[in-house]
Novice: 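Supplied in structure tokens, the structure appears directly below.
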Amino acid sequence: MPEIKLQPSWKVKLQDEFTKEYMQTLRRFLQNEKAQGKMIYPKGGEYFRAMDLTPFEQVKVVIIGQDPYHGPGQAHGLSFSVCPDVAIPPSLVNMYKELESDLGIPPAKHGFLEHWAQQGVLLLNSVLTVEHKQAASHQGRGWEAFTDRIVAVLNEQRENVVFILWGSYAQKKGRFIDTGKHLVLKSVHPSPLSAYRGFFGSRPFSQANNYLVHHDIQPIDWQLPSID
């Protein structure tokens with residue numbers, strides 16, 4: 001793992017994790033994979049992109065994904081988001097459909113979600129790296145413990161955060177969130193395999209904003225700007 005500068009507000013919260021054995025083991029695993037010539041996504045400087053764009057005190061909404069996309073040019077460190085000029089993945093297409101149904105916002109012509117992240121939407125994957133064309137290839141290597149800690153410090157040290165948990169994987173990761181302090185929104189995953197079983201019509205975007213406004217927090221502008 002290259003030397004990565006973690007955003008300062010997160011570094012204070014998470015620096016102890018980097019001294020733990022699981023993180024040392026993960027570092028060695030990633031170094032070994034790269035030494036074998038394997039292509040890892042996203043690139044090293046973007047492993048922690050979600051936190052770089054969304055400092056700890058600015059987190060309003062957390063959307064938990066599973067793994068980075070494993071195709072060339074797709075992953076850039078934010079769950080569900082892809083780099084500009086990359087085809088919009090099917091789950092994100094369905095998210096846009098629900099966004100239009102929920103708030104009347106027409107689908108963006110790209111899948112680049114940094115506008116959300118810059119407003120306080122932490123787009124957090126549970127596993128932060130993946131091998132080229134090998135879905136779930138880095139599960140069970142240690143990232144889950146690290147991202148569990150991210151969710152835990154938000155749960156413990158912040159109030160009135162909206163956690164959006166789509167699918168059983170994300171819901172398991174968020175099982176310990178204090179619903180007395182935070183809003184937890186659950187539904188099936190927006191994947192084409194499951195979206196028609198309860199994702200469509202779940203209205204997560206308006207629910208999140210209504211909760212934020214109720215707690216005197218600036219709501220999210222979910223409409224993505226066009227990319228020239």
Side-chain angles (χ1 to χ4, degrees), residues 50 54 59-71 74-75 78-82 86-113 115-117 119-128 130 135-136 139 143-144 147-148 150-152 154-155 158 160-215 217 219-224:
T54 314
V59 175
K60 301 176 182 179
V61 178
V62 181
I63 300 179
I64 296 179
Q66 194 161 344
D67 293 274
Y69 298 116
H70 54 79
Q74 290 182 302
L78 305 183
S79 65
F80 296 101
S81 181
V82 289
V86 172
I88 302 171
S91 291
L92 186 53
V93 169
N94 285 339
M95 288 163 60
Y96 287 171
K97 288 179 181 177
E98 178 60 18
L99 183 56
E100 184 170 31
S101 170
D102 187 4
L103 290 173
I105 295 172
K109 293 180 169 59
H110 61 84
F112 190 60
L113 304 182
H115 177 64
W116 294 357
Q119 298 177 75
V121 182
L122 183 67
L123 294 162
L124 181 68
N125 277 317
S126 177
V127 176
L128 300 186
V130 71
Q139 287 186 12
W143 281 127
E144 293 91 342
T147 54
D148 276 350
I150 292 171
V151 175
L154 286 166
N155 177 57
R158 291 288 312 282
N160 304 324
V161 173
V162 180
F163 290 87
I164 298 179
L165 309 178
W166 290 325
S168 58
Y169 188 94
Q171 288 167 24
K172 183 178 178 183
K173 194 167 189 71
R175 65 191 178 277
F176 58 81
I177 295 165
D178 182 352
T179 55
K181 290 171 60 180
H182 307 286
L183 177 64
V184 177
L185 299 176
K186 299 179 183 180
S187 83
V188 299
H189 197 276
S191 160
L193 299 174
S194 57
Y196 288 95
R197 300 202 304 268
F199 175 75
F200 291 129
S202 62
R203 308 195 69 181
F205 307 103
S206 63
Q207 286 194 73
N209 274 358
N210 289 342
Y211 179 84
L212 294 173
V213 169
H214 179 74
H215 291 281
I217 300 167
I220 305 299
D221 170 19
W222 295 105
Q223 184 154 10
L224 293 165

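Keep in mind it's a predicted model, so treat the numbers as computed, not measured.
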Novice: Please round to the nearest 0.5 Å and tell me the distance separating atom OG of S79 and atom CD1 of I63.
Specialist: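 That separation rounds to 6.5 Å.
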Novice: Decide yes or no on side-chain contact (heavy atoms from CB on, under 4.5 Å) for Q207 and Y211, but give the supporting numbers first.
Specialist: CA-CA 6 Å; Q207 286 194 73; Y211 179 84; over 6 Å; no
Novice: Kindly compute the distance separating OG (S206) from CG (L99), expressed to the nearest 0.5 Å.
Specialist: 9.5 Å
Novice: Mind telling me whether F205 and W166 have parallel, tilted or perpendicular rings, with 30° and 60° as the class edges?
Specialist: perpendicular
Novice: Output the distance between atom CD (E144) and atom CG (L128), rounded to the nearest 0.5 Å.
Specialist: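 Answer for the CD-CG pair, E144 versus L128, is 9.0 Å.
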Novice: Among F200, F199, F80, which residue meets the ring pair (Phe, Tyr, Trp, His ring centres under 6.0 Å) test with H189?
Specialist: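 Only one option passes, and that is F80.
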Novice: Out of L124, L122, V161, which one pairs with V151 under the side chain to side chain contact (heavy atoms under 4.5 Å, CB included) rule?
Specialist: L124
Novice: How many angstroms lie between NE2 in H110 and NE2 in H115, if you round to the nearest 0.5 Å?
Specialist: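 H110 NE2 to H115 NE2: 9.5 Å, rounded to 0.5 Å.
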Novice: Is the number of heavy atoms from other residues, nucleotides or ligands under 6.0 Å of K181 NZ greater than 12?
Specialist: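 Yes.
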Novice: Show your reasoning for whether side-chain contact (heavy atoms from CB on, under 4.5 Å) applies to W222 and V121.
Specialist: CA-CA 10 Å; W222 295 105; V121 182; 4.0 Å; yes
Novice: Under a plain distance cut-off of 3.5 Å, with no hydrogens placed, do D221 and Q119 share a side-chain donor-acceptor pair?
Specialist: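 Not at all, the side chains of Q119 and D221 share no donor-acceptor pair under 3.5 Å.
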Novice: Could you grab the distance from atom OG of S187 to atom CD1 of I164, nearest 0.5 Å is fine?
Specialist: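 That separation rounds to 9.0 Å.
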Novice: Give, for atom CD1 of I88 and atom CE of M95, the distance between the pair rounded to the nearest 0.5 Å.
Specialist: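 That separation rounds to 11.0 Å.
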